[in-house]
Amino acid sequence: SHQAHTPFQNPDHYLNKIASLCGNSSSNEQFRGQCSILERQRYLASIMQFDDNVGRLVASLKRRGMYENTLILILTDNGGPIGQGTGGNAFPLRGGKASSWEGGFRIPSCLSGGYIPGNLRGTEYNKAVAISDWYATFCQIAGGTKCSGPGADPTGELVPGIIPVESVALWPFLMGTSVGSPHPVLHLSPSVLLKEFDGGARLFKIITAVT
């Protein structure tokens, strides 16, 4: 979905509802004034509309009897943008979109759907993963045989100049059948590296450039 992104074009009733929840005239003193800036209200209105759309999608899947065999992944490709005109917020993390600080690359994600075993619903997974890992993950679940490494080309054929897919299938880790971490070492950018120490008990970020 493009909704959580500029130019934030939403029906007025979403914007009005957000303003009533956390604008300067909010009836709830606890949240009054927390989104008094219009660009913040537009951002939150977009998120609210996206949430409603996901709800309609889930309801439709359930009506058709498809939900129990469905996985729904919701995530973003970067941290919240914090520049003028964007309305994002990565608090309490430092930085935002395009930053090497955690606010730039540490993102929320949610895996849902009836396909998830009941004993794992509502749980958290706290190891470092990359957005590219979901390619191999869904490829593996769907029965693919070339989901990562050499020959794992999204086009289905080896094309000169297309590098091997750098993706780790997360499903065994999420299900608890694989121990350890998907990425003991993870390159976040040409100048930023995450590395585990002490068997994953500690995670360090190494930056080799001005950020």
Side-chain angles (χ1 to χ4, degrees), residues 1-10 14-15 18-19 21-23 31 33-51 53-54 72-112 123-138 148 154 163-170 173-174 180-211:
S1 174
H2 192 270
Q3 283 181 284
H5 201 286
T6 53
F8 301 131
Q9 297 173 331
N10 303 99
Y14 282 104
L15 191 61
I18 288 295
L21 289 173
C22 56
F31 300 106
Q34 290 193 13
C35 63
S36 56
I37 301 175
L38 181 58
E39 63 189 30
R40 181 64 175 163
Q41 293 177 15
R42 287 173 174 167
Y43 182 90
L44 296 176
S46 295
I47 298 297
M48 180 178 285
Q49 185 178 10
F50 172 74
D51 185 61
N53 289 340
V54 172
I72 300 172
L73 173 66
I74 298 175
L75 76 166
T76 177
D77 57 348
N78 50 252
I82 55 177
Q84 185 176 3
T86 60
N89 188 347
F91 183 83
L93 304 178
R94 184 178 183 181
K97 180 179 179 179
S99 166
S100 293
W101 302 114
E102 282 195 79
F105 63 84
R106 185 176 176 182
I107 62 170
S109 59
C110 174
L111 188 64
S112 183
T123 61
E124 295 182 358
Y125 185 77
N126 294 314
K127 296 292 185 179
V129 301
I131 191 173
S132 58
D133 292 334
W134 293 109
Y135 175 84
T137 301
F138 287 115
S148 63
I163 63 174
V165 174
E166 295 184 5
S167 185
V168 176
L170 300 175
F173 294 96
L174 299 176
S181 301
H183 296 281
V185 177
L186 178 61
H187 286 89
L188 297 173
S189 76
S191 60
V192 181
L193 176 77
L194 285 182
K195 183 175 175 61
E196 288 187 348
F197 291 89
D198 298 336
R202 295 188 297 166
L203 187 64
F204 286 84
K205 181 173 66 174
I206 303 168
I207 301 177
T208 60
V210 176
T211 182

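We're numbering straight along the sequence, starting at 1. Remember, predicted model here, so these are calculated numbers, not experimental data.
A donor-acceptor pair is defined here as one N or O able to donate and one able to accept, closer than 3.5 Å; such a pair exists between the side chain of Glu39 and the backbone of Gly85. With hydrogens and angles ignored, the 3.5 Å screen pairs a side-chain donor or acceptor of Ser167 with a backbone N or O of Ser132. Looking only at distances, no side-chain donor or acceptor of Ser181 sits under 3.5 Å from a matching main-chain atom of Pro184. With Ser148 contributing its side chain and Ala136 its backbone, the two residues share no donor-acceptor pair below 3.5 Å. Thr76 places a side-chain N or O within donor-acceptor distance of the main-chain N or O of Asn78, the cut-off being under 3.5 Å. The backbone N or O of Leu170 sits less than 3.5 Å from a side-chain atom of Thr137, completing a donor-acceptor pair. Side chain of Ser191 to backbone of Ile207: no donor-acceptor contact under 3.5 angstrom is found. Lys97 contributes no side-chain N or O that, together with a main-chain N or O of Gly83, makes up a donor-acceptor pair within less than 3.5 Å. Ser99 places no side-chain N or O within donor-acceptor distance of the main-chain N or O of Gly104, the cut-off being under 3.5 Å.
Heavy atoms from other residues, nucleotides or ligands lying under 6.0 Å from CZ of Phe197 number more than 12. By the neighbour-count criterion of 12 heavy atoms within 6.0 Å, atom CG of Leu38 is densely surrounded, having more than that number from other residues, nucleotides or ligands.
By the 4.5 Å heavy-atom criterion applied to side chains, Lys205 and Trp101 are counted as neighbours. Using a 4.5 Å cut-off on side-chain heavy atoms (C-beta onward), Leu73 and Phe138 make contact. Counting only heavy atoms from C-beta outward, the side chains of Leu111 and Trp134 approach each other to under 4.5 Å.
Shown here for Leu44 and Cys22, the closest heavy-atom pair between the two residues is CD1-SG, 4.1 Å. Scanning both residues, Arg42 and Leu15, for their nearest heavy atoms gives N-CD1, 3.8 Å. Listed here is the closest heavy atom pair of Ser46 and Asn10: OG-OD1, 2.8 Å. The two atoms that bring Leu21 and Met48 nearest to each other are CD1-CE, 3.9 Å, heavy atoms only. The shortest heavy-atom contact between Leu194 and Ala128 is CD1-CB, 4.4 Å. Nearest heavy-atom pair across Thr208 and Pro190 is OG1-O, 4.4 Å.
Atoms NZ and CG, from Lys195 and Leu186 in turn, are 12.0 Å apart once rounded to the nearest 0.5 Å. The line from CG of Leu193 to CZ of Phe204 is 12.5 Å long, rounded to the nearest 0.5 Å. From Gln34, atom CD reaches atom CD of Gln41 across 12.5 Å, with rounding to the nearest 0.5 Å. Atom-to-atom distance recorded for Gln9:CD and Gln49:CD is 10.5 Å, nearest 0.5 angstrom.
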Exercise. For Leu75 and Ile107, what are the C-alpha separation, side-chain angles and deciding distance, and is it a side-chain contact (heavy atoms from CB on, under 4.5 Å)?
Worked result: CA-CA 7 Å; Leu75 76 166; Ile107 62 170; 4.3 Å; yes
Exercise. Can Ile18 and Cys35 be said to form a side-chain contact (heavy atoms from CB on, under 4.5 Å), step by step?
Worked result: CA-CA 8 Å; Ile18 288 295; Cys35 63; 4.0 Å; yes
Exercise. What's the verdict on side-chain contact (heavy atoms from CB on, under 4.5 Å) for Gln3 and Asn53, showing C-alpha distance, side-chain angles and the deciding distance?
Worked result: CA-CA 10 Å; Gln3 283 181 284; Asn53 289 340; 3.0 Å; yes
Problem set entry | Stepwise side-chain contact (heavy atoms from CB on, under 4.5 Å) check, Val168 with His183 | CA-CA 8 Å; Val168 176; His183 296 281; 3.6 Å; yes
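Annotation: Phe173 is not in aromatic contact with Tyr125 [ring centroid separation under 6.0 Å not met].
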